[in-house]
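What's counted below: heavy atoms across the whole structure, side chains too, no hydrogens, waters or symmetry copies. Naming: A, B, ... by sequence-line order, numbering from 1 per chain.
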Protein chains: 2
Amino acid sequence: MEQTKPIFTQEGHKEDVKNRLLDAAEALFCEKGFDRVSVRELTAAAGCNVAAVNYYFGGKDKLYAEMFRRQFGTMIQRNLDVIERVMSQPGVALEDLLRAVMKPLIRRVIENETGGKVIRLLVREILNRQIDRELFARDMKGQLFARLGRVILQLVPDIDPDRILLVVLSFDGAILHPFLFMEFYQEIMPDLTIDDLLDHMVRFVAAGIRGYAKPNQEGN
Amino acid sequence: MEQTKPIFTQEGHKEDVKNRLLDAAEALFCEKGFDRVSVRELTAAAGCNVAAVNYYFGGKDKLYAEMFRRQFGTMIQRNLDVIERVMSQPGVALEDLLRAVMKPLIRRVIENETGGKVIRLLVREILNRQIDRELFARDMKGQLFARLGRVILQLVPDIDPDRILLVVLSFDGAILHPFLFMEFYQEIMPDLTIDDLLDHMVRFVAAGIRGYAKPNQEGN
DNA sequence: TAAAAGTTAAAACAACTGTTTTAAACGATA
DNA sequence: TATCGTTTAAAACAGTTGTTTTAACTTTTA
């Protein structure tokens with residue numbers, strides 16, 4: 001293991017140890033996952049002693065949970081803010097909403113931003129059954145899904161309200177795939193621009209939602 | 001750590017040790033991930049000695065790769081077979097194709113089958129950057145995507161061929177979401193039947209594809 | 001200013017980890 | 001049946017791990 005030198009201290013400033021540890025946790029856990037980052041590596045990156053994790057957080061597990069708590073609430077609120085901003089404008093179309101929600105997320109993963117990394121880590125953890133997914137999925141993301149469901153119904157009133165949740169989940173799936181596999185996208189489509197991708201996504205989802213809202217066209 | 005007793009030996013039969021280890025690997029890695037399953041736990045489950053992993057596979061990492069190799073090729077082939085079977089029937093519609101591809105996959109995760117578990121594990125590993133994703137994504141799944149693209153173009157000829165790959169990827173996203181988060185689906189929609197879910201998925205994706213194939217309806 | 005509280009750090013701890021070593025046991029062959 | 005090749009298994013190895021212990025140091029409080 002290569003020697004980790006402190007990267008979260010600021011010369012000349014007495015940084016808060018807890019925040020330094022949380023910053024280090026975000027960077028390293030997102031990169032390598034929980035199990036492959038040792039407390040020694042974390043504390044070296046944060047420029048403090050291994051005992052600090054237990055002293056301040058009660059252990060590695062709890063640091064991890066706190067890291068998610070710190071990030072995730074912010075992300076959900078950010079999405080809710082985006083939705084409110086779009087819906088407060090006059091004459092808003094479904095495509096406007098979809099684009100407004102998708103664009104920052106896709107940009108985030110392309111720019112390799114921390115928020116994007118944390119979402120990927122969260123998906124991994126949900127799949128790993130490492131964290132209580134009810135906490136994040138139902139209590140926080142459920143809130144976002146409910147809000148999205150209401151505004152989509154507003155914009156496309158013909159959708160069966162009993163099916164709106166499934167529609168929202170399919171919307172989530174449409175975002176999640178490029179979000180998680182962006183490197184793959186870039187490899188197989190080297191010339192794909194972010195705008196092309198967003199155009200596609202908006203178009204596909206809007207058509208899916210609108211087609212869904214129409215009378216059943218399937219009979220053949 | 002609870003004591004793991006051998007579960008992959010068959011009384012009265014001299015089982016192949018390699019296959020027993022591979023079976024144990026599938027079960028345990030899918031459940032807990034690579035890092036949380038020790039060689040001792042694996043070999044206990046397989047009813048053999050810890051040295052066997054190195055003797056037969058050259059180490060834990062190589063057992064892992066072999067496990068994927070064993071499973072993944074089968075899965076891709078299975079999907080290709082489904083596609084050929086559907087497309088060999090007369091008068092096949094887009095919805096028939098979509099349903100035929102989706103149904104076994106969704107059923108697999110609901111029934112908690114090994115194939116479903118391995119796909120989840122694969123997604124986790126791609127996100128973890130633990131395995132060379134080119135091997136699986138480009139060489140194997142790329143094959144499936146290319147085939148899907150061709151048959152979708154056959155069924156919906158109006159799609160811009162330059163965009164077909166993105167369409168296939170969105171199709172994949174629509175499957176992957178319920179696939180990965182099926183427990184969440186079941187929690188928030190306890191009465192959802194598999195047929196309801198499939199109907200929704202087919203409908204959403206078919207509408208997305210068909211709407212996509214139409215002239216741009218976005219101008220407002 | 002002294003005492004109490006908080007923080008830091010090194011050493012220790014007990015457990016775990018994948019791999020290697022070594023020799024016994026087993027199976028195949030002449 | 002003896003020899004050779006393969007398989008098995010226990011012990012050993014060297015390293016890693018999160019947590020705890022202990023005491024020194026620093027800051028706060030009265």
Side-chain angles (χ1 to χ4, degrees), chain A residues 1-6 8-26 28-29 31-68 125 128 130-131, chain B residues 1-29 31-68 125 128 130-131:
Chain A
M1 192 191 81
E2 72 211 358
Q3 188 71 337
T4 306
K5 62 168 186 172
F8 290 96
T9 52
Q10 295 213 330
E11 249 90 50
H13 291 271
K14 192 176 182 79
E15 278 284 323
D16 181 9
V17 175
K18 283 181 78 174
N19 283 323
R20 290 207 320 265
L21 277 171
L22 287 165
D23 291 339
E26 276 170 20
L28 294 173
F29 286 145
E31 185 191 336
K32 302 183 186 181
F34 180 75
D35 290 318
R36 295 207 171 198
V37 179
S38 67
V39 171
R40 282 167 181 81
E41 187 178 1
L42 275 174
T43 49
C48 59
N49 185 267
V50 291
V53 171
N54 272 280
Y55 184 77
Y56 286 107
F57 296 98
K60 189 185 177 186
D61 283 339
K62 296 199 183 100
L63 167 64
Y64 196 51
E66 186 60 37
M67 179 208 77
F68 271 118
E125 294 301 57
N128 276 344
Q130 297 286 80
I131 57 177
Chain B
M1 192 192 82
E2 74 212 354
Q3 186 72 337
T4 304
K5 64 169 186 170
I7 57 177
F8 290 94
T9 50
Q10 294 211 328
E11 250 89 51
H13 291 271
K14 191 176 181 83
E15 276 288 322
D16 181 11
V17 173
K18 283 181 79 171
N19 282 324
R20 290 205 322 263
L21 277 170
L22 286 165
D23 292 339
E26 277 169 20
L28 294 173
F29 285 144
E31 185 191 338
K32 302 181 180 181
F34 180 75
D35 289 318
R36 294 206 171 196
V37 180
S38 68
V39 171
R40 282 169 180 77
E41 188 178 358
L42 275 173
T43 49
C48 59
N49 184 266
V50 292
V53 171
N54 271 279
Y55 183 79
Y56 286 106
F57 296 98
K60 188 185 179 186
D61 283 340
K62 296 200 183 98
L63 166 64
Y64 195 51
E66 186 61 37
M67 179 208 77
F68 270 120
E125 296 300 56
N128 277 343
Q130 296 287 79
I131 58 176

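Atom OH of A/Y56 is separated from atom CG of A/L22 by 12.0 Å, given to the nearest 0.5 angstrom. Taking CG of A/L63 as the reference point, atom CZ of A/F68 lies at 11.0 Å (rounded to 0.5 Å).
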Can you give each donor-acceptor pair under 3.5 Å made by side-chain atoms of residues 46-55 of chain B, sequence neighbours left out, with the distance rounded to 0.1 Å?
{"from": "B/N49", "atom 1": "OD1", "to": "B/A51", "atom 2": "N", "distance (Å)": "2.9"}

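B/Y64 and B/F34 have tilted rings, their planes meeting at an angle from 30° to 60° on a 0 to 90° scale.
The CZ atom of B/R36 sits 13 Å away from the P atom of C/dG18 (whole-angstrom rounding). The OH-P distance, from A/Y64 to D/dT17, rounds to 16 Å in whole Å. Spacing between atom CZ of A/F57 and atom C1' of D/dT20 amounts to 19 Å, rounded to whole angstrom units. As a whole-Å value, the separation of B/D35 CG from C/dT17 P is 11 Å. As a whole-Å value, the separation of B/E41 CD from C/dT17 P is 8 Å. Computed from coordinates, the A/F34 CZ to D/dT16 P distance equals 19 Å when rounded to whole Å. Note: CZ (B/R40) to P (D/dA11) measures 12 Å, nearest angstrom. If you take CG of B/L21 and P of C/dG18, they are 13 Å apart, rounded to a whole angstrom.
For the OP1/OP2 pair of D/dG18 and a distance below 4.0 Å, the side-chain nitrogens and oxygens of A/N54 include no atom meeting the criterion. Taking 4.0 angstrom as the limit, B/S38 places none of its side-chain polar atoms (N or O) nearer than this to OP1 or OP2 of C/dC16.
Closest non-hydrogen pair, A/L28 versus A/V37, comes out as O-CG2, 3.4 Å. When every heavy atom of A/E41 is checked against every heavy atom of A/R36, the shortest pair comes out as OE1-O, 3.9 Å.
Counting only heavy atoms from C-beta outward, the side chains of B/F29 and B/L42 approach each other to under 4.5 Å. Between A/L21 and A/K18 the shortest side-chain heavy-atom distance does not fall below 4.5 Å.
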Identify each atom pair where a protein N or O and an N or O of nucleotides 7-10 of chain D are less than 3.5 Å apart, giving names and distance.
{"from": "D/dT7", "atom 1": "OP2", "to": "B/Y55", "atom 2": "OH", "distance (Å)": "2.6"}
{"from": "D/dT7", "atom 1": "O3'", "to": "B/Y56", "atom 2": "OH", "distance (Å)": "3.4"}
{"from": "D/dT8", "atom 1": "OP2", "to": "B/Y56", "atom 2": "OH", "distance (Å)": "2.3"}
{"from": "D/dA9", "atom 1": "N7", "to": "B/N49", "atom 2": "OD1", "distance (Å)": "3.4"}
{"from": "D/dA10", "atom 1": "N7", "to": "B/N49", "atom 2": "ND2", "distance (Å)": "3.4"}

Pairs: protein N or O with nucleotides 22-24 of chain D N or O, under 3.5 Å:
none

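For the salt bridge (charged side-chain N to carboxylate O under 4.0 Å, His left out) condition, the pairs that include at least one residue of residues 54-68 of chain B, sequence neighbours left out, are B/E66-B/R69.
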